[in-house]
Every structure is written in structure tokens, then in C-alpha cells.
Amino acid sequence: MAHPTFDTHTDAFEHRQFRDDEFWRQIPAWRDVSRDQFGDHLWQGKNSVRNLKQVHETLGDRIGQDLLQDIEAALRIAPMNIRITPYVLALIDWDNPVDDPLRKQFLPIASQMLPDHPYYLADSLSEDVDAPVPMLTHRYPDKVLFLPLTTCPVYCSYCTRSRIIGGSTETVDKDTYGANTERWEEAFEYLRNNPQIEDVVISGGDAFNMTARHVTHIGESLLAIPHIRRLRYATKGIAILPMKILRDEKWMKAFLDIHKKGHAQGKQVYIHTHFSSPQEITQWSADAMKRLFAEHVIVRNQAVLQEGVNNCEHTMVLLTKKLSTMNVESYYVYIHDMVPGCEHLRTTLKDGVELEKRVRGVTAGFNVPTFVCDAPGGGGKRNVASYEYYDEENGISVWRAPNVKPGELFLYFDPIHRLSAEAQQRWADQASCEAMIRDAVTAVDPSLTEEHREKISKRLEIGVHQLK
Ligand code: SF4
């Protein structure tokens with residue numbers, strides 16, 4: 001991995017600079033759009049780009065036929081539809097779109113995509129398996145993940161929930177659903193009946209796609225449960241549509257009322273957001289954060305480590321420091337999940353371990369993200385350096401999750417194209433794959449029972465797609 005470093009002298013103040021030019025005027029369709037209009041969240045929603053025709057119409061001569069065909073080919077195989085706010089589309093460098101980190105995240109091109117890993121899974125984190133009732137994953141003892149809707153203001157190519165988010169594509173038939181207060185009742189009932197649960201992540205989908213009424217309904221229903229102590233509304237919105245924080249007074253009032261109500265009860269109501277590249281950060285983001293900070297709202301960030309997007313020291317340090325400047329706490333950087341359509345975006349575990357070393361210490365510890373691997377099969381988030389075993393040559397790591405699923409082992413696999421030619425040959429043969437996995441698992445626990453071995457094989461079998 002290339003590591004352009006962050007020079008603490010020459011780059012010292014780069015993180016304090018927030019882009020404030022009229023960058024959208026580089027886009028032919030928006031050349032005459034005023035700052036006021038561009039800053040209107042409703043205008044942003046209406047002018048979001050949702051298909052190839054709109055990409056072409058909006059960009060005009062800024063995009064060539066070759067690239068359009070490349071996107072068209074990608075959309076035939078990608079698990080995610082496209083939906084991009086004008087804010088994000090205009091932040092892409094259209095002089096070099098192929099290498100641009102935002103283009104890579106939201107507008108896939110077939111020439112960069114790779115065959116999925118043999119052990120990829122549509123539900124890589126077993127969220128559906130660990131769901132006691134619809135829309136609720138209960139994996140950690142005191143925490144749940146609530147998925148009240150499956151729509152977002154943008155659709156990310158790397159989405160871990162591509163199995164349900166953003167509508168069916170040519171290759172994935174999805175049970176997408178919108179916000180529906182009646183359908184949430186079963187989840188609330190489960191929470192009322194399980195007093196060990198203290199923490200609810202309200203994700204999806206994206207809280208920016210909820211109406212003010214939905215934000216209130218969810219917040220009030222959860223705050224009314226005495227043992228629920230912490231709510232986190234998850235939205236990528238601050239990164240891709242910061243205007244909503246500045247202009248959507250109805251939504252903001254609904255959220256801030258829940259925040260105040262929670263505070264009065266001694267309960268946390270936070271926002272979790274999702275910046276992955278410093279290029280997503282502008283003066284609009286800083287202004288949105290200024291407003292949230294003034295209202296005492298704590299915002300944490302969860303980034304996804306992606307090849308060619310942020311897997312270099314300079315980018316990751318700049319992201320971390322820029323977020324700190326805006327009062328966003330860097331919480332996690334995830335090693336990319338093993339989901340379909342993302343092999344070109346995944347990095348090795350080693351990349352994560354190395355980057356973590358280079359980011360730690362650049363600023364106060366509470367603003368440095370923990371790099372985690374969300375163990376496939378439902379082991380939960382594990383610190384990247386806490387693997388039980390890592391066969392770097394073959395790209396196999398083995399994990400335990402004592403507080404989540406005691407006694408079980410979990411496996412994460414590096415992308416095959418990043419391995420040596422010899423290792424790639426081994427992955428081309430099913431018998432040698434099985435032998436490599438057996439060796440890795442045995443290295444961790446030579447006394448593993450046959451029953452446990454079978455459990456691991458079964459979990460992996462669900463994911464064997466290309467070897468068969
Ligand atoms: S905003 Fe989150 S849930 Fe929505 S597409 Fe992006 S990663 Fe997936």
C-alpha cells in the first residue's frame with residue numbers, strides 16, 4: 001500500500017481549511033444555480049441524480065462516452081442503484097473522475113469492478129440471522145440495531161446492506177421498505193420486553209429520509225422505555241446533504257426536541273454520521289456541525305476503509321483532523337465488509353492494521369478512530385489488531401468474540417487480487433481453499449470439535465458462490 005505521509009509541518013493547517021467556493025458551477029446543468037438555491041435541501045433532493053440518463057444530462061460535455069458506457073456496464077451488475085445529491089456530484093473532480101474518491105463511492109464503473117470473493121455474503125454480518133423480530137438485530141447483550149426504513153438520500157456503492165437498501169437492481173431483488181409506524185410496533189414491543197437492552201442504533205436506511213413525525217415517533221417510543229439509555233440516529237446526511245441541518249427547521253426541531261427530552265431524562269441522544277473522505281467536507285459541513293454543536297449534539301463518525309478512497313496515511317489523517325476541527329468524534333474505521341459488488345473497494349486487514357498505527361497519535365486519543373473488522377457471520381466489531389491468527393500470505397484471519405458469541409470462531413478474508421500469484425492460484429482450487437481454512441482454524445484451536453468445524457463450514461458454504 002502506498003503511504004503518502006502527513007507532514008505535520010507543511011500540512012499542519014490543511015485540516016482547518018474548508019472549501020467555500022461555488023464548486024457546483026463546474027457542472028453544466030448547475031452553472032447558473034445561485035448559492036442560495038444550491039443550499040436548499042429541497043432543491044438538492046429534487047435534483048438528485050438517479051439514473052444514467054440524468055448523469056449524462058447533468059454533466060453534458062464534462063463526461064465522455066467511454067465513461068458513460070463504463071457506468072452503464074457497472075449498473076447492470078452492481079447491487080446498488082445510484083442516487084447522488086448535487087452536492088456530492090459537484091464535489092467529484094470531473095477532470096479526473098476515474099481516480100476520484102467520491103466517484104468511486106457513488107458511481108461505479110465496470111472496468112474497476114472485480115469478481116466477488118468466493119466467501120462473500122449478501123448478509124455478511126448475519127444481521128437477518130440475529131433478528132428476533134423484523135427490522136431489529138440483537139447481537140450484543142445490551143445493544144440493538146433498528147432498521148426502520150431502507151431508503152437514503154444517496155446510495156453508496158459499498159453499502160453493507162445492499163441486500164435491502166435502495167430498491168431492486170438488475171442483479172438483486174430487494175424487499176425495500178419505507179417508514180411505517182405500525183410496522184415498527186413489534187420492534188418496540190421486543191425492546192420493552194428485554195430489560196437488558198440499553199442502547200438502540202436507529203439506522204437503515206438513513207434518518208434523513210424520515211419525516212419529522214417519524215423522528216419524533218421513534219424517539220418518544222424509545223425514550224418511554226425506562227431501560228433504554230442511549231439512542232443514536234444514524235445518517236450519512238451531514239456528509240452528503242449538510243444543507244438539511246441548516247434549512248429543514250421541521251426535521252431539526254423534531255430531532256432537537258428528542259435530544260432535549262433525552263437529556264432531561266439523563267439519556268444520550270446522539271447522531272452517528274459517515275464521512276469516508278476529506279473531499280466530502282466543505283464549509284457547508286462545518287456550518288452544519290456548528291449548528292449541532294451549538295445545540296450540544298454529539299456527533300460521531302464511522303468511515304469505511306476503501307481502496308483508492310482513503311487507504312493512505314495522508315487522506316486518513318486529514319479526514320481525522322478535519323473531523324476533529326468540526327467537533328465530529330472519529331469513532332470507527334471499518335475494514336470493508338465482505339458484501340457483493342465491492343471487491344475492488346476492499347483492502348487487506350494488514351492495510352487497516354498499518355494505517356491505524358499511522359493515524360494513532362496525530363491528535364487527541366478521543367478523536368482517533370478505532371479500526372475495526374466487523375467479523376463476518378455476526379461476531380461483531382473487533383479491533384483490527386485483536387485477531388487470533390492472520391495468515392497474511394493467503395489473506396485469512398480468524399477471530400473470537402467472547403462477549404457476543406462465546407466459543408465461536410469467525411473468519412475474514414482479504415481480497416484475492418491483493419495476494420501473491422501463488423496464493424491466488426491456491427484460491428482458484430476449492431480443495432486447497434478448504435485446506436487453507438482448516439489450517440487457519442486449527443492454528444487457533446487444535447482441539448476444535450467436529451460440530452464446531454461443521455458450523456464454520458456451514459456458515460462459509462452459504463457464501464460459496466463462485467467456487468461451485
Ligand atoms: S447511507 Fe448508509 S445505508 Fe444508505 S446506502 Fe449509504 S451506506 Fe448504505
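Indexing begins at 1, ligand by ligand and atom by atom, following the structure's order.
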Asp123/Arg163 salt bridge by N-O under 4.0 Å criterion: yes
Partners meeting side chain to side chain donor-acceptor pair (under 3.5 Å) with Asn96 (sequence neighbours left out): Asp99
Asp40: what forms a side chain to side chain donor-acceptor pair (under 3.5 Å) with it, not counting sequence neighbours?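 None.
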Can you confirm if the aromatic rings of Phe146 and Phe188 lie within a centre distance of less than 6.0 Å?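 Yes.
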Below 2.8 Å, which protein N, O or S atoms neighbour atom 8 (Fe) of ligand 1, ignoring water?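 Short answer, with waters excluded from the count: Cys159 SG.
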Measure the distance from atom 2 (Fe) of ligand 1 to every protein heavy atom, then report the residue, atom name and distance (to 0.1 Å) of the closest one.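 For atom 2 (Fe) of ligand 1, the nearest protein heavy atom comes out as His274 ND1, 4.2 Å.
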Taking the six-membered ring of Phe371, is NZ or CZ of Lys357 closer than 6.0 Å to its centre and within 45° of its axis? no
Using the salt bridge (Lys or Arg N to Asp or Glu O under 4.0 Å) rule, collect all pairs that involve residues 104-113, keeping only residues at least two apart or in two chains. none
